[in-house]
Amino acid sequence: MGMKMPKVMGCSVENCAYNADKNCHAMAITVGEPAGDPSCDTFFTAEQHGGVMDMTAGVGACKLADCKFNKDYECSASGISVGMQQGQPDCMTFEAN
Ligand code: SF4
């Protein structure tokens with residue numbers, strides 16, 4: 001059975017360039033750098049916000065092999081949420097194996 005790309009159901013990191021109204025408008029994000037942290041690698045700040053406004057980001061890749069949703073470095077959760085944790089944008093859906 002094919003895998004479906006999970007969506008970023010919400011992101012509270014409003015200063016990220018891809019964020020509008022607490023939703024992520026990148027086409028896809030990557031989770032998992034620096035190693036061992038479930039942080040959003042796609043986060044960055046810029047003067048203007050970008051992304052595709054009529055799209056909600058998918059989780060294109062996740063490097064957290066120790067998350068229970070991770071299958072061969074892809075995310076198998078039905079959706080994730082992202083939020084600020086200890087000063088970094090983290091996947092809040094991460095659950096250690
Ligand atoms: S999920 Fe990541 S890339 Fe998307 S708005 Fe939040 S911090 Fe930015």
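In each ligand, atom 1 is the first atom listed, and ligand 1 is the first ligand listed.
For Y18 and F44, the distance between ring centers is under 6.0 angstrom.
Counting protein heavy atoms only, atom 8 (Fe) of ligand 1 is closest to C16 SG, 2.2 Å. Taking atom 2 (Fe) of ligand 1 as the reference point, the nearest protein heavy-atom neighbour is C40 SG, 2.3 Å.
Counted within 6.0 Å of CE on M84, heavy atoms from surrounding residues, nucleotides or ligands total more than 12; the atom is thus considered enclosed. Atom CE of M9 sits in a sparse spot, with 12 or fewer heavy atoms from other residues, nucleotides or ligands closer than 6.0 Å.
Of all heavy-atom pairs spanning Q85 and D90, the tightest one is NE2-OD2, 3.0 Å.
When distances to atom 2 (Fe) of ligand 1 are checked against a cut-off of 2.8 Å, C11 contributes no N, O or S atom below that limit.
No side-chain donor-acceptor contact under 3.5 Å links N15 to the backbone of T45.
Nearest-heavy-atom check against atom 4 (Fe) of ligand 1 across C24, S81, A57 picks out C24.
The ligand atoms of ligand 1 that sit less than 4.0 angstrom from a heavy atom of T42 are 3 (S). Residue F43 has at least one heavy-atom neighbour below 4.0 Å for each of these atoms of ligand 1: 3 (S), 7 (S).
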